[in-house]
Amino acid sequence: MAPGSKAERKAALDAGAWMFNVVTSVGIIMVNKALMATHGFSFATTLTGLHFATTTLMTQVMKWLGYIQPSYLPLPELVKFVFFANLSIVGMNVSLMWNSVGFYQIAKLCIIPVLCILEILFDKVRYSRDTKLSIVLVLVGVAVCTVTDVSVNSQGLLAAVIAVWSTALQQHYVHHLQRKYSLGSFNLLGHTAPAQAASLLVLGPFVDFWLTNKRVDTFNYTSIVTFFIVLSCIIAVGTNLSQFICIGRFTAVSFQVLGHMKTILVLTLGFLFFGKEGLNFHVALGMLLAVIGMIWYGNASSKPGGKERQVYSTPIEKTQKHGILSSQSELDQKV
């Protein structure tokens, strides 16, 4: 295959992966908003457990059909991943309960700087000036259009810190596990989804009761509520899969930066379907800044030196290279 056609094919697959994630993520947010805000189903942790149970069912069907090949993931790695992932889910829910919406949004924006720190420390990634500035522009734009009231308390701050770091560690760990154990998105989901489903379905009802003071088993499950729960679970399969695909193809930082396009789309759709109150100049300005920042980030990070992993040679490698060069030099002299 010609280099040009390979590059074009990769670009098409990258765009398809992003579109898949954006469509499923925005779809599930809109469905869950209708389910929770309109119909009063406020059991977010239990619902997430149902999402992973449906995803587990999908991975089992894919294994049966032969689309997922046997793979290996050590139990300690699986336990660490599930711990970070579940702590992220619970942490975000608690952060939303204990903090104002404005501070909750600021905490979510902090995930990107934390991921940058993790990539610099563990992956030896170096960012160019333009890449750093584009990330700052995205953060400023999203903050302008989403952050309103900001009030902080000690327990809310603690919940936000736990939520931010656990989310960043979970997303960084996705990329790490896929690279280290050569796992595809389906393979990794096949390992993690059952463990997350089991743990969240056991703990979820208790967490939700603590957060809402309501019991999931006594909720009035009408036909329309059941329909939205099933629809949410079906869309969640695509959301979970597309997240792993995108982080695997790119990095967790890129996933978060360009992922804020979903925030802009959700705001836009919210204004279209749920009323236009709150749509004003500074919200529109924030959206525009965020979109410009995302385009700038995509362009800056794809340039040589925009975002690259540094490779350091160890003393042993240097000695080996020196030995090879010396041997080659001796051979040249003999010839």
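Along the sequence shown, the residues carry numbers beginning at 1.
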Taking all non-hydrogen atoms of both residues, which atom of [X] and which atom of [Y] are closest, and how far apart?
X: Ser166; Y: Ser88; result: OG-CA, 3.2 Å
X: Thr46; Y: Gly204; result: OG1-C, 3.2 Å
X: Cys233; Y: His51; result: CA-CD2, 3.7 Å
X: Ile245; Y: Ala17; result: CG2-CB, 3.8 Å
X: Val138; Y: Ala290; result: CG2-O, 3.9 Å
X: Leu200; Y: Pro205; result: O-CD, 4.0 Å

Return each pair, listed once, that meets salt bridge (charged side-chain N to carboxylate O under 4.0 Å, His left out) where at least one residue sits in residues 75-101; pairs must be two or more places apart or across chains.
->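 Listed once each, the pairs are Glu77-Lys80, Glu77-Lys180.
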Under 3.5 Å: donor-acceptor pair, side chain of [X], backbone of [Y]:
X: Asn99; Y: Tyr104; result: no
X: Gln196; Y: Val82; result: no
X: His175; Y: Ile247; result: yes
X: Asn187; Y: Gln69; result: yes
X: Thr38; Y: Leu35; result: no

How many angstroms lie between atom [atom1] of [X] and atom [atom2] of [Y], to the nearest 0.5 angstrom?
X: Leu139; Y: Gln256; atom1: CG; atom2: CD; answer: 10.0 Å
X: Phe209; Y: Arg215; atom1: CZ; atom2: CZ; answer: 7.5 Å
X: His39; Y: Thr226; atom1: NE2; atom2: OG1; answer: 11.0 Å
X: Ser71; Y: Phe186; atom1: OG; atom2: CZ; answer: 12.5 Å
X: Thr48; Y: Met92; atom1: OG1; atom2: CE; answer: 12.5 Å
X: Leu188; Y: Leu183; atom1: CG; atom2: CG; answer: 5.5 Å

Pairs touching residues 56-68 that satisfy side-chain hydrogen bond (donor to acceptor under 3.5 Å, both in side chains), sequence neighbours left out =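 Qualifying pairs: none.
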Does the pair Trp210 and Val94 meet the rule for a side-chain contact (heavy atoms from CB on, under 4.5 Å), with working shown?
-> CA-CA 10 Å; Trp210 175 50; Val94 174; 3.6 Å; yes
Given side-chain contact (heavy atoms from CB on, under 4.5 Å), test Phe244 with Thr192 step by step and report yes or no.
-> CA-CA 11 Å; Phe244 282 18; Thr192 60; 3.8 Å; yes
Same cluster or not: are [X] and [Y] linked, directly or through other Ile, Leu, Val, Met, Phe, Trp or Tyr residues, by side-chain heavy atoms under 4.5 angstrom apart?
X: Val61; Y: Ile234; answer: no
X: Leu50; Y: Leu231; answer: yes
X: Ile117; Y: Val125; answer: yes
X: Leu87; Y: Phe206; answer: no
X: Leu96; Y: Leu211; answer: no

Lys/Arg-Asp/Glu bridge criterion (N-O < 4.0 Å) met for Asp208, Lys214 |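 Looking at Lys214 together with Asp208, the answer is no, because their closest N to O distance does not fall below 4.0 Å.
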Hey, would you say the Phe83 and Phe81 ring centroids sit under 6.0 Å apart?
->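 No: the rings miss the under 6.0 Å criterion.
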Classify the angle between the aromatic ring planes of Phe43 and Phe41 as parallel (below 30°), tilted (30 to 60°) or perpendicular (above 60°).
->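 The arrangement is perpendicular - the two ring planes meet at more than 60°.
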What is the ring orientation for Tyr72 with Tyr181, classed by angle as parallel under 30°, tilted 30 to 60°, or perpendicular over 60°?
->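 The rings of Tyr72 and Tyr181 stand perpendicular, inter-plane angle above 60°.
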Taking ring-ring contact (aromatic ring centres under 6.0 Å, His included) as the test, write out the residues that go with Phe20, two or more places apart.
->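 Phe20: no ring-ring contact (aromatic ring centres under 6.0 Å, His included) contacts found.
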Reference residue Cys116; test side-chain contact (heavy atoms from CB on, under 4.5 Å); the match among Leu121, Val253, Val257 |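 Among Leu121, Val253, Val257, the one meeting side-chain contact (heavy atoms from CB on, under 4.5 Å) with Cys116 is Val253.
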Judged by modelled atom types alone, do [X] and [Y] share a side-chain donor-acceptor pair under 3.5 Å?
X: His172; Y: Asp123; answer: yes
X: Tyr297; Y: Ser254; answer: yes
X: Thr131; Y: Ser128; answer: yes
X: Thr45; Y: Asn93; answer: yes

Using side-chain heavy atoms (C-beta onward) and a distance below 4.5 Å, is [X] in contact with [Y]?
X: Val144; Y: Met287; result: no
X: Phe255; Y: Ile112; result: no
X: Trp296; Y: Val291; result: no
X: Leu157; Y: Phe103; result: yes

Take atom CE of Met97 as the centre, draw a 6.0 Å sphere, and report whether it contains more than 12 heavy atoms from other residues, nucleotides or ligands.
->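 For Met97, atom CE is crowded (more than 12 foreign heavy atoms under 6.0 Å).
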Decide side-chain contact (heavy atoms from CB on, under 4.5 Å) for Val174 and Gln243; before the verdict, give the C-alpha distance in whole Å, the side-chain angles of both, and the deciding distance to 0.1 Å.
-> CA-CA 9 Å; Val174 169; Gln243 181 192 32; 5.7 Å; no
Check against side-chain contact (heavy atoms from CB on, under 4.5 Å), Leu137 and Leu133 | CA-CA 6 Å; Leu137 185 60; Leu133 289 175; over 6 Å; no
